[in-house]
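Step one of this worksheet: look at the structure below.
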Amino acid sequence: MSKIIFDSGISLDGFFAGDNRSPGNPMGNNGQTIHHWMFKQKAFWKNINMEGGEEYGADSKLIDDVFARAGAYIMGKRMFEEGEVHWQEDLYKTDVYVLTHEKREPWVQKGTTTFYFINDGIESALEKARVSAKGKDIRIQGGANTIQQFLNAGLVDEFFIHIAPLFLGNGIRLFDGIDSNKCDLQIVEVIPSDLTTHLRYKLTKK
């Protein structure tokens, strides 16, 4: 059965992205510094249909694993708009459900990626994503507000956080406004790295 997961990098002071996010400034001011560990990995570039990276090691394997387990994606309109102008064709290789008030026909890409634009909330997106995932996991891709909606609805089963060794200072915090009464958290795994700290959590509803 599909799990609902997210996999995100944050700064040591809890920021998911910097200020002034836009398609021309994805992840906001200095936000991309959170992901330096990932940009160094060959697996990251391979999975987004590009060449790049310096190494294929333990960090790359974690990236491969999260891409392999995802059978469908859900994201917010803001994240979609930031990525639409930059992403390679068929990046996701499955169905992606975009939460938006905009009515728009599905965007069918070459290959196996189709973006569907969902106007009636997270439950509707999740129901459709379960069908697309065919038993694989559903990844809540972002941004922070979309992840927060799923956490506050008690719908997340597991998440993987990559804590960068830096203070961003300002921006968008991943865990702002979270209802602490929805779930209990359990640390499942702690994985050290030279560039970040990987933490995997399991959530159970209270």
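These numbers were taken from a predicted model, which means no experiment stands behind them.
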Original post:
If you look at every heavy atom in Asp90 and Thr112, which pair is closest and at what distance?
Top reply: OD1-N, 3.0 Å
Original post:
When clusters are formed by joining ILVMFWY residues with side-chain heavy atoms under 4.5 Å apart, either directly or through shared neighbours, do Ile172 and Phe167 land in the same one?
Top reply: no
**OP:** Would you name the heavy atoms of Gly9 and Ile34 that are closest together and state the gap between them?
**Re:** C-CG2, 3.5 Å
Original post:
How close do Leu168 and Phe15 get, heavy atom to heavy atom, and via which atoms?
Top reply: CD2-CB, 3.7 Å
**OP:** If a pair satisfies side chain to side chain donor-acceptor pair (under 3.5 Å) and one of its residues is in residues 57-71, list it, with sequence neighbours excluded.
**Re:** Gln41-Ser60, Lys46-Asp64, Asn47-Asp64, Tyr56-Asp64, Asp59-Ser193, Asp59-His198, Lys61-Asp65, Arg69-Asp137, Arg69-Glu158
Original post:
If you look at every heavy atom in Asn25 and Asp19, which pair is closest and at what distance?
Top reply: ND2-O, 4.0 Å
Original post:
Do Thr113 and Thr94 have side chains that get closer than 4.5 Å, going by heavy atoms?
Top reply: no
Original post:
Shared ILVMFWY cluster between Ile161 and Val188, side chains joined below 4.5 angstrom?
Top reply: no
Subject >> Qualifying side chain to side chain donor-acceptor pair (under 3.5 Å) pairs, either residue in residues 122-134, two or more places apart >> reply: Asp95-Ser132, Tyr97-Ser132, Asp120-Ser124, Ser124-Lys128
**OP:** Would you name the heavy atoms of Ser2 and Ala133 that are closest together and state the gap between them?
**Re:** OG-CB, 3.8 Å
Subject >> Pairs satisfying salt bridge (Lys or Arg N to Asp or Glu O under 4.0 Å), at least one member in residues 21-38, at least two apart >> reply: Arg21-Glu82
Subject >> Ile163-Val190 co-clustered via ILVMFWY side chain contacts under 4.5 Å >> reply: yes
**OP:** Could you tell me whether the side chain of His36 and the main chain of Thr196 form a donor-acceptor pair under 3.5 Å?
**Re:** no
Subject >> Heavy-atom check, side chain of Phe16 versus side chain of Ser8, under 4.5 Å >> reply: yes
Original post:
side chain to side chain donor-acceptor pair (under 3.5 Å): which pairs involve residues 172-190, sequence neighbours left out?
Top reply: Glu189-Arg200
Subject >> Non-hydrogen side-chain atoms of Leu166 and Asp13 separated by less than 4.5 Å >> reply: no
Original post:
If we only count heavy atoms from C-beta on, is the Asp157 to Leu203 side-chain gap below 4.5 Å?
Top reply: no
Subject >> Within one Ile-Leu-Val-Met-Phe-Trp-Tyr cluster: Ile74 and Met1, side-chain cutoff 4.5 Å >> reply: no
Subject >> Distance (rounded to the nearest 0.5 Å) between Ile138 CD1 and Gln141 CD >> reply: 13.5 Å
**OP:** Please step through side chain to side chain contact (heavy atoms under 4.5 Å, CB included) for the pair Glu55 and Lys42, ending with a clear verdict.
**Re:** CA-CA 6 Å; Glu55 63 183 35; Lys42 291 183 178 181; 5.8 Å; no
Original post:
What residue pairs, at least two apart or across chains, pass salt bridge (Lys or Arg N to Asp or Glu O under 4.0 Å) with a residue in residues 99-115?
Top reply: Glu84-Arg104
Original post:
Counting only heavy atoms not in Glu89, do more than 12 sit closer than 6.0 Å to its CD atom?
Top reply: yes
**OP:** Output the distance between atom CZ (Arg139) and atom CZ (Phe6), rounded to the nearest 0.5 Å.
**Re:** 10.5 Å
Original post:
Are Leu174 and Leu12 connected, step by step, through hydrophobic side chains (Ile, Leu, Val, Met, Phe, Trp, Tyr) whose heavy atoms are closer than 4.5 Å?
Top reply: yes
**OP:** Check which hydrophobic residues are tied to Phe80 through side-chain heavy-atom contacts below 4.5 Å, counting indirect links as well, and list them.
**Re:** Ile5, Trp37, Met38, Phe39, Phe44, Trp45, Ile48, Met50, Ile63, Val66, Phe67, Tyr73, Met75, Met79, Trp87, Leu91, Tyr92, Val96, Val98, Trp107, Phe115, Phe117, Leu195
Subject >> Note, Leu151 side chain near Phe175 side chain (heavy atom, < 4.5 Å) >> reply: yes
Subject >> Shortest non-hydrogen contact between Leu99 and Ala125, atoms and distance >> reply: CD2-CB, 3.7 Å
Subject >> Asn152 side chain to Gln148 side chain, donor-acceptor N/O pair below 3.5 angstrom >> reply: no
**OP:** Would you check if Phe160 and Leu199 make a side-chain contact, meaning some heavy-atom pair closer than 4.5 Å?
**Re:** no
Original post:
Going by heavy atoms in the side chains, are Ile140 and Ile4 under 4.5 Å from each other?
Top reply: yes
Original post:
Would you call Phe159 and Asp7 a side-chain contact if the rule is heavy atoms closer than 4.5 Å?
Top reply: no
